[in-house]
Amino acid sequence: MIEPGTPAPDFTLPNHKGAEVSLADFRGRWLVLCFYPNDFSPVCSDQLSIYQEVLEDLHERGAELVGVSTDGTWTHNAFRKHLGIEIPLLSDFHPKGETARAY
């Protein structure tokens with residue numbers, strides 16, 4: 001776990017559309033990273049659905065929310081559509097879990 005006050009590890013990961021997203025893209029804003037194991041699992045589906053419900057509250061407080069798992073971009077895209085969520089999902093696929101381990 002990262003100690004308070006330690007700079008967050010940098011990352012660049014593809015999102016659900018295949019576009020690269022970096023930590024630097026959020027510089028100057030609050031960012032909540034939600035690491036989760038798998039798309040389409042019951043627990044993760046419930047978790048991300050709840051996050052979608054509070055997404056507007058997070059935005060009102062000036063925070064962005066991004067989900068990160070080791071699933072690929074195509075799976076992320078299908079998962080977002082299936083759940084009807086707007087949360088961007090990033091693929092920590094290759095090397096598998098590298099960003100999660102850094103955090």
Side-chain angles (χ1 to χ4, degrees):
M1 179 171 292
I2 300 170
E3 294 298 320
T6 303
D10 197 18
F11 63 81
T12 299
L13 299 171
N15 70 8
H16 54 276
K17 294 181 179 179
E20 288 191 345
V21 176
S22 298
L23 179 61
D25 297 336
F26 299 95
R27 196 159 320 272
R29 296 181 282 165
W30 292 98
L31 176 62
V32 178
L33 291 174
C34 162
F35 290 93
Y36 66 100
N38 298 66
D39 294 336
F40 294 102
S41 69
V43 171
C44 296
S45 295
D46 290 346
Q47 177 184 3
L48 289 173
S49 292
I50 290 169
Y51 289 157
Q52 180 64 41
E53 290 177 18
V54 300
L55 188 59
E56 186 176 325
D57 293 333
L58 289 170
H59 288 164
E60 287 174 2
R61 289 169 173 76
E64 297 290 330
L65 173 67
V66 175
V68 181
S69 86
T70 58
D71 287 314
T73 58
W74 292 101
T75 306
H76 282 337
N77 196 33
F79 186 52
R80 286 179 80 246
K81 288 178 181 177
H82 174 75
L83 290 180
I85 62 173
E86 300 170 8
I87 301 163
L89 301 180
L90 306 182
S91 177
D92 192 11
F93 185 76
H94 184 73
K96 202 162 195 101
E98 180 177 64
T99 299
R101 281 190 297 281
Y103 278 81

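Without hydrogens or angle criteria, Asp25 side chain to Ser22 main chain gives a donor-acceptor distance under 3.5 Å. Under a 3.5 Å cut-off, the side chain of Tyr103 and the backbone N or O of Pro9 do form a donor-acceptor pair. Counting only distance, with no hydrogens or angles, the side chain of Ser91 and the backbone of Asn15 share no donor-acceptor pair below 3.5 Å. With Arg27 contributing its side chain and Leu23 its backbone, the two residues share no donor-acceptor pair below 3.5 Å. With His76 contributing its side chain and Leu90 its backbone, the two residues share a donor-acceptor pair below 3.5 Å. Within the 3.5 Å criterion, the main-chain N or O of Glu86 finds a donor-acceptor partner in the side chain of Arg80. Panel note: side chain Asp92, backbone Thr99; a donor-acceptor pair is recorded below 3.5 Å.
Contact between Leu83 and Ser49 at its shortest, heavy atoms only, is CD2-OG, 3.8 Å. Between Phe26 and Val21, the closest heavy-atom pair is CE1-CG1, 3.7 Å. Closest heavy-atom contact between Ser69 and Asp39: OG-OD1, 4.1 Å. Minimum heavy-atom separation, Gln47 to Cys34: NE2-SG, 3.5 Å. Cys44 and Pro37 make their closest contact through SG-CD, 3.3 Å (heavy atoms, listed as atom of the first residue, atom of the second, distance).
Taking a 6.0 Å sphere around NZ of Lys17, one finds it holds 12 or fewer heavy atoms contributed by other residues, nucleotides or ligands. Atom NE2 of His59 has more than 12 heavy atoms from other residues, nucleotides or ligands within 6.0 Å. Under a cut-off of 6.0 angstrom, the local environment of CZ in Phe35 is crowded, with over 12 non-hydrogen atoms contributed by other residues, nucleotides or ligands.
For the pair Phe40 and His82, the minimum side-chain heavy-atom distance is below 4.5 Å.
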Intermediate values then yes/no, side chain to side chain contact (heavy atoms under 4.5 Å, CB included), Phe11 and Leu33: CA-CA 12 Å; Phe11 63 81; Leu33 291 174; 4.0 Å; yes
Hey, mind stepping through Leu48 and Gln52 against side chain to side chain contact (heavy atoms under 4.5 Å, CB included) and telling me if it holds? CA-CA 6 Å; Leu48 289 173; Gln52 180 64 41; over 6 Å; no
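With rounding to the nearest 0.5 angstrom, the CG atom of Leu65 is 7.5 Å from the OH atom of Tyr51.
Leu58 and Val66 end up in different hydrophobic clusters when Ile, Leu, Val, Met, Phe, Trp and Tyr side chains are linked at under 4.5 Å. Linking ILVMFWY residues whenever their side-chain heavy atoms come closer than 4.5 Å, directly or via other members, places Ile2 and Val68 in the same cluster. A single hydrophobic cluster is seen to contain both Leu55 and Tyr36, as judged by linkage of ILVMFWY side chains at heavy-atom distances under 4.5 Å, directly or through other members. Linking Ile, Leu, Val, Met, Phe, Trp and Tyr residues whenever their side-chain heavy atoms come within less than 4.5 Å leaves Leu89 and Leu13 in two separate clusters.
When each of Lys96, His94, Arg101 is tested with Glu98 by the rule side chain to side chain contact (heavy atoms under 4.5 Å, CB included), just one qualifies, namely Arg101.
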